[in-house]
Amino acid sequence: MDFSDTPQEAAFRAEVRAFLDAHVPAKTPGNRSYASRAMSPADVAASKAWQRTKAENGFAGILWPKAFGGREGTPMEHIIFQQEEENYLVPASVFNQGVGMAMPTVMTFGTPEQLERYPRPALFGDEIWCQLFSEPDAGSDLAGLRTRAVQDGDDWVVNGQKIWTSNAHFSDYAMLVTRSDPTVAKHAGLTFFIVDMKSPGIDVRPIKQISGTSNFCEVFLSDVRIPDSQRLGAVGAGWKVAMTMLANERFTVGKTEGPDFEDIFLLTRGLELDGRRAVDDPAVIEHLADWYVQSAGLKYARLRSQTALSRGKTPGPEASIGKLVSASKLQDIATYGIDLLGQAGAVMDPAVAPMNAWFQHALLYAPGKRIAGGTDEILRNIIAERVLGLPGDIRADKGLAFNQVPTSRRQG
Amino acid sequence: MNFDFSDDVTTMRGEVRRLLHDRFPRGAVRQQVDAGAPFDRDLWRELGAMGWLGVALPEAVGGADLGYEALCMIAEEIGGALPPAPFASSVYFAAEALVLFGSAEQQVRWLPGIAAGEAVGTVAIAEGIGDPRPGGIATVAAKGALTGVKLPVVDGDIADFAVVAAKGAGGEPGLWLVDLTAPGVTREAIESLDLVRRSVRLTLDGAAAEPLPGGQDWPAIERLLDRAAILVAFEQVGGAQAALDMAVGYAQDRFAFGRSIGSFQAIKHKLADVYVATELARSNAYFGAWAIANDAADLPVAAATARIAATDAFSLAAQENIQTHGGMGFTWDSDCHLFYRRARELAVVAGSQRYWRRRLIDRLDAQNHG
Ligand SMILES: Cc1cc2nc3c(=O)[nH]c(=O)nc-3n(C[C@H](O)[C@H](O)[C@H](O)COP(=O)(O)OP(=O)(O)OC[C@H]3O[C@@H](n4cnc5c(N)ncnc54)[C@H](O)[C@@H]3O)c2cc1C
């Protein structure tokens, strides 16, 4: 075991720090707090500008081929950049879906023309991508999707509805999975496309979330024509493409947004309870210690998988632990941070609520973390089945053609 | 960066696992327990001959000098195999105390015996109910002799010597070396939760003792506890993994309602949670291994973190293993209770969760002031 960098890694880390220092402020305990809010046009512009700056300096696509503007660096360099960037206040990214998930999938399945066209503008922040997967009747059970694609000459005509699509309202392109054949088993009849979000027939309507802000949308597709040249992967192979995209998500997830242990620790060190600091209260100590231990465990688990990555291994389903643990921890910390404030806990006015009402805001975004990218329950299924080797669920849709599968009783 | 065990240690793990499995399949452990003779001196010598007992000890005292990473790995394997051997008391506590605080002469007297599996050592800090604290030590040292009652002393029935916490002339607790075969030493077996590692009440009535020269204050005792907590954490992780493996195996084979019970989500999700707790504990223990191998400044925080996570993981794994087994898990004949008992024994042997949580937060708080 050795945490020290090799001379090459140390040199790279120094280069990364010099780059970050030149462009963005470092995080401090006081400026860490941040409340999730709707991305304004100015936020999107800032995100694009930061992506371009990284790309121009060779830090955006560290593992990418040089042909697409990447660095062709090592996994360790990729890890070092992520580790260092976490210590700076950088604009919230709108490129996770595009650069982190969509483009690696395009690189796996894309035609030469698609490879020529899409990766570079995504990397340089010129084009934003979203993920048109979930539907009103197909979330956890993604393969239950019913958006129809019917071939018509050199085009496909697509009709249906997607939902919960993050960033759809300002995206340029989307990764779209459709049903091309409802008469075969549900995983077999899917086909995948790249779609221009400005295509006629696409109607994007932001959805108001529990916080009152909107970061995701409903997307209606009515007779949207997609040229066959925009198909990604073979007809009927859409499930495989979609799974590749979701697997790439594991490479992109780093540390989830706070407040984390250090933030509630800061709160308890500044707060007075019954005439002493909250951090000296035995009941508070019990909670704080458990969150510290969980955060540390996740950090060291990440270092273990980064070690495996740096040796060329691919992250397996065990990577599901990170999101599963951190989403609930976030919700617990937000809840307890509010509880510590007693009768004024439910006040969201930043003049009253400490740390810019971060805990109150987090209470309203934490539930989404337990749902997006695989719910807690689905992640536990994945761990039980793919890591522990327990049997799959007994399925009511086994062996049925898609159009024979029982469906939800209630809509909306 | 390399946050994994070295290749040498990983190779050695295979050998350790094989020998423990061949020499000590769980059935053999049970036979010893049922026969009421849990200590197997031959196994102890064998462990010595394999070089495991002195794996981290210097060569000058008969050790293999392979470092603490190797010791952590062995602790993890021992934790899963449950051999009836006084590994924790002798190696993590007694030998460690001598290495850290003993004189050269004291080290030479006992360490080669431990390394060879000829001697057994233990530690005696506790004096009844309560967590480690200076005020909890009433045993006094006067004129080279100790007087007081220590309870519980794990493996005290088979140990040749003990490292005992006692108050010296200034009232400050320190560590003393006591030959348990000497006059003035009485050991009474007491019923213990753990069937394999048994405890005694140790009564010292003017028993001859020598101070460990480097260990004459409370911070020294805390240092010993911190380092032992990391090694114990590896045993706990090994135990949690073994209990999880048992539960998964049973869940696959047992059928109810026409299907394997492992296909019920209530069982799957429970075992997924045990897996998550065990992996987090393992990751924290790894950092502990790094800290102890490098004698890092972070060791006190690393130790508390590893300890808390491992205690919780092993408790959860052991109790849910019984639950997954249903009625079968509640029988004497199933091995579930061996882990259930061991999980509780290890959970308190170096102080309770409450104690370690407070230490962790106090230390983090102090760091933030500094
Ligand atoms: C903030 C946010 C952003 C999102 N962004 C996107 C996006 O950009 N693109 C996109 O395509 N989607 C996106 N999603 C959608 C997300 O992937 C789905 O919400 C998620 O997969 C759950 O699907 P569902 O909402 O249909 O819930 P359902 O699948 O109906 O689940 C409802 C409940 O049933 C449980 N459940 C379902 N199946 C099982 C099972 N087999 N075993 C046990 N329990 C089960 C679930 O765990 C959950 O508790 C986003 C969601 C959120 C909250």
Side-chain angles (χ1 to χ4, degrees), chain A residues 1-6 9 29 76 79-80 83 261-262 265-266 268-269 277 279-280 282 284-290 292-308 310-311 318 320-321 324-325 376-377 379-385 387-394, chain B residues 1-6 9 69 244-245 247-248 251-252 258-265 267-277 279-290 293-294 301-302 304-309 312-313 353-354 356-362 364-365 368-369:
Chain A
M1 287 176 190
D2 181 9
F3 286 106
S4 46
D5 289 331
T6 64
E9 287 164 1
M76 204 52 224
I79 290 161
I80 288 172
Q83 288 174 343
F261 166 79
E262 57 259 44
F265 189 45
L266 188 70
T268 58
R269 297 178 73 233
R277 294 182 315 155
V279 71
D280 296 324
V284 174
I285 286 174
E286 295 275 312
H287 288 282
L288 288 176
D290 284 345
Y292 179 84
V293 167
Q294 280 185 355
S295 293
L298 288 175
K299 174 177 161 194
Y300 301 130
R302 225 166 27 240
L303 291 178
R304 284 172 63 208
S305 55
Q306 289 173 349
T307 296
S310 71
R311 293 173 178 175
E318 65 279 0
S320 309
I321 293 181
L324 179 59
V325 174
D376 286 3
E377 291 75 19
L379 294 179
R380 287 193 173 94
N381 281 349
I382 289 175
I383 291 170
E385 292 169 24
V387 182
L388 301 179
L390 291 168
D393 280 351
I394 302 238
Chain B
M1 178 194 77
N2 169 25
F3 194 43
D4 197 356
F5 282 109
S6 70
V9 171
E69 271 189 38
L244 172 61
D245 291 344
V248 168
Q252 281 164 331
R259 53 199 272 206
S260 134
I261 60 163
S263 70
F264 295 118
Q265 284 197 352
I267 298 284
K268 284 164 86 166
H269 289 191
K270 174 202 298 302
L271 297 183
D273 286 342
V274 173
Y275 169 80
V276 169
E279 279 306 297
L280 293 184
R282 191 190 310 280
S283 301
N284 279 321
Y286 272 38
F287 187 63
W290 173 83
N294 294 281
V301 167
T305 307
R307 166 86 185 160
I308 294 165
D312 279 347
Q353 280 298 70
R354 187 181 141 276
W356 285 98
R357 287 194 177 106
R358 170 169 281 282
R359 290 184 84 189
L360 174 63
I361 296 304
D362 283 352
L364 292 170
D365 195 27
N368 272 271
H369 280 303

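So you know, we letter chains A, B, ... as the sequences are listed, proteins then strands, and number each from 1.
If you take CG on A:D2 and OG on B:S6, they are separated by 11.5 Å, rounding to the nearest 0.5 Å. Interatomic distance, A:L324 CG to B:Y275 OH, rounded to the nearest 0.5 Å: 11.5 Å. Here the CD atom belonging to B:E279 is positioned 11.5 Å from the CG atom belonging to A:L298, to the nearest 0.5 angstrom. A:S4 contributes atom OG, which lies 9.5 Å from atom CG of B:N2 (distance to the nearest 0.5 angstrom). Here CG of A:L390 is found 9.0 Å from OG of B:S263. Values are rounded to the nearest 0.5 Å. One distance of note links CG of B:L360 with CG of A:L288; it measures 9.0 Å at 0.5 Å rounding.
Between A:T268 and B:I361, every side-chain heavy-atom pair lies at or beyond the 4.5 Å cut-off. Using a 4.5 Å heavy-atom cutoff, the side chains of A:Y292 and B:V301 are in contact. The shortest distance between side-chain heavy atoms of B:K268 and A:L388 does not fall below 4.5 Å. In this structure, A:D290 and B:D312 have side chains that are in contact, with non-hydrogen atoms separated by less than 4.5 Å.
B:W356 pairs by the ring-ring contact (aromatic ring centres under 6.0 Å, His included) definition with nothing, not counting sequence neighbours. Considering only residues two or more places apart in sequence or on other chains, A:Q294 meets the side chain to side chain contact (heavy atoms under 4.5 Å, CB included) condition with A:W291, A:V325, A:K329.
Of the two parts of A:E9, only the side chain, counted from C-beta on, holds a non-hydrogen atom closer than 4.5 Å to a non-hydrogen atom of chain B. For a residue to count as touching a neighbouring chain, one of its non-hydrogen atoms must lie under 4.5 Å from one of that chain's; by this rule B:T305 touches chain A with backbone and side chain alike. Using a 4.5 Å cut-off between heavy atoms, A:L266 makes no contact with chain B at all. Neither the backbone nor the side chain of A:V284 comes within contact range of chain B, judged by heavy atoms closer than 4.5 Å. The contact between B:L271 and chain A is made by backbone and side chain atoms together, counting heavy-atom distances below 4.5 Å. With a 4.5 Å cut-off on non-hydrogen atoms, A:N381 touches chain B through its backbone and its side chain both. With a 4.5 Å cut-off on non-hydrogen atoms, B:A293 does not touch chain A at all. B:R259 touches chain A through its side chain: at least one heavy atom from C-beta onward sits under 4.5 Å away, while N, CA, C and O do not.
Contact count against chain B (heavy-atom pairs under 4.5 Å) is highest for A:V293 among A:V293, A:I383, A:I80, A:D5. Ranked by non-hydrogen atom pairs under 4.5 Å with chain B, the options A:R304, A:R311, A:K299 are led by A:R304. With respect to chain A, the highest number of heavy-atom pairs below 4.5 Å among B:Q252, B:R357, B:Q265 belongs to B:R357. Most heavy-atom pairs under 4.5 Å with chain B: of the set A:S310, A:A308, A:A384, this distinction falls to A:A384. Ranked by heavy-atom pairs shorter than 4.5 Å toward chain B, the options A:R269, A:E286, A:R277 are led by A:R269.
Counting only distance, with no hydrogens or angles, the side chain of B:N284 and the backbone of A:G297 share a donor-acceptor pair below 3.5 Å. Side chain of B:E69 to main chain of A:M1: a donor-acceptor pair is present (N/O by atom type, distance under 3.5 Å, no hydrogens or angles).
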Take A:F261 and B:L364 through the test side-chain contact (heavy atoms from CB on, under 4.5 Å) and record every step on the way to the result. CA-CA 11 Å; A:F261 166 79; B:L364 292 170; 3.8 Å; yes
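When ring centroids are compared, A:Y300 and B:F287 come within the 6.0 Å threshold.
The aromatic rings of B:F3 and A:F3 lie tilted to each other, with the angle between the two planes from 30° to 60°.
Atom CZ of B:R354 sits in a sparse spot, with 12 or fewer heavy atoms from other residues, nucleotides or ligands closer than 6.0 Å.
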